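Below is one structure; the comments refer to it alone.
From a predicted model like this one, the values you see are computed outputs, not experimental measurements.
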Amino acid sequence: MTISRHKDALLTLEDAGISKTSQRLAVMSILLSATTPVSVNTIRQDLKTIARIDKVTVYRILSLFKQHGIIREIPSATGTSYFEMATADNPQHPHFNCRSCGAFICLKPLPFTEAPEVILSKDNSIIDHIDINISGLCAVCRKSNKLQGTIGQK
């Protein structure tokens, strides 16, 4: 299921056929306002000002949203999962994860037009999900590492 409109938490849950509780609305509001994928810890931090929800409940809510196809889970190189809206205006795309500072950045969507042909021609499989996650050092951490490397060389 791909939700096309997602500016309003109430409408998003309605469109997905999910009953609207204050906790679900609070989590959905955070996901809708996020400009990058968010971790459970970030969601819980943001919830402190909105609602009181324990970690297990946050995971249950995220699992429900994922089952209904309104969010996607993105594993990082560090093992932390990040979550973002799965909407028509936010199609599947690769992500960059800095191994030093932990920054998790959305990258421009890449065309995967040949992937189905390559995989499907071999054994008649069906592709429903492609993940591309890139890890390395972001520009800030790379610059910082270069500076630290030159300090001892004087």
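Counting only heavy atoms from C-beta outward, the side chains of Arg99 and Leu137 approach each other to under 4.5 Å. Residues Ile50 and Ile30 form a side-chain contact, since some pair of their non-hydrogen atoms from C-beta on lies under 4.5 Å apart. No side-chain heavy atom of Thr87 sits under 4.5 Å from any side-chain heavy atom of Thr12. Contact check for Ile43 versus Ile61: no side-chain heavy atoms found under the 4.5 Å cut-off.
Under the side chain to side chain contact (heavy atoms under 4.5 Å, CB included) criterion, Ser63 pairs with Gln67, sequence neighbours left out. Taking Val140 as the reference, Cys138 meet the side chain to side chain contact (heavy atoms under 4.5 Å, CB included) condition, with sequence neighbours excluded. For Lys66, the salt bridge (Lys or Arg N to Asp or Glu O under 4.0 Å) criterion is met by Glu73, not counting sequence neighbours. For Gln23, the side chain to side chain donor-acceptor pair (under 3.5 Å) criterion is met by no residue, not counting sequence neighbours.
Atom OG1 of Thr80 and atom CG of Asn97 lie 8.0 Å apart (nearest 0.5 Å). Residue Ile105 holds its CD1 atom at 10.5 Å from NE2 of His95, rounded to the nearest 0.5 Å. From Leu25, atom CG reaches atom CG of Leu13 across 5.5 Å, with rounding to the nearest 0.5 Å. Atom CG of Leu64 sits about 4.5 Å away from atom CD1 of Ile18, to the nearest 0.5 Å. Taken to the nearest 0.5 Å, the CD1 atom of Ile53 stands 7.0 Å off from the OG atom of Ser22.
Grouped with Phe104 in one hydrophobic cluster are Ile74, Tyr82, the linkage being side-chain heavy-atom contacts under 4.5 Å among Ile, Leu, Val, Met, Phe, Trp and Tyr residues.
Across Ala26 and Leu47, no two heavy atoms sit closer than the pair CB-CD2, 3.7 Å. Scanning all heavy atoms of the two residues, the minimum distance from Ala16 to His68 falls at O-CD2, 3.1 Å. Nearest heavy atom pair, residue Met85 against residue Arg72, reads O-NH1, 3.3 Å. Shown here for Glu84 and Cys106, the closest heavy-atom pair between the two residues is OE1-SG, 3.7 Å.
A donor-acceptor pair is defined here as one N or O able to donate and one able to accept, closer than 3.5 Å; no such pair exists between the side chain of Asn133 and the backbone of Phe96.
Pairs passing the side chain to side chain donor-acceptor pair (under 3.5 Å) check and including a residue from residues 24-36, sequence neighbours excluded, read Ser19-Arg24.
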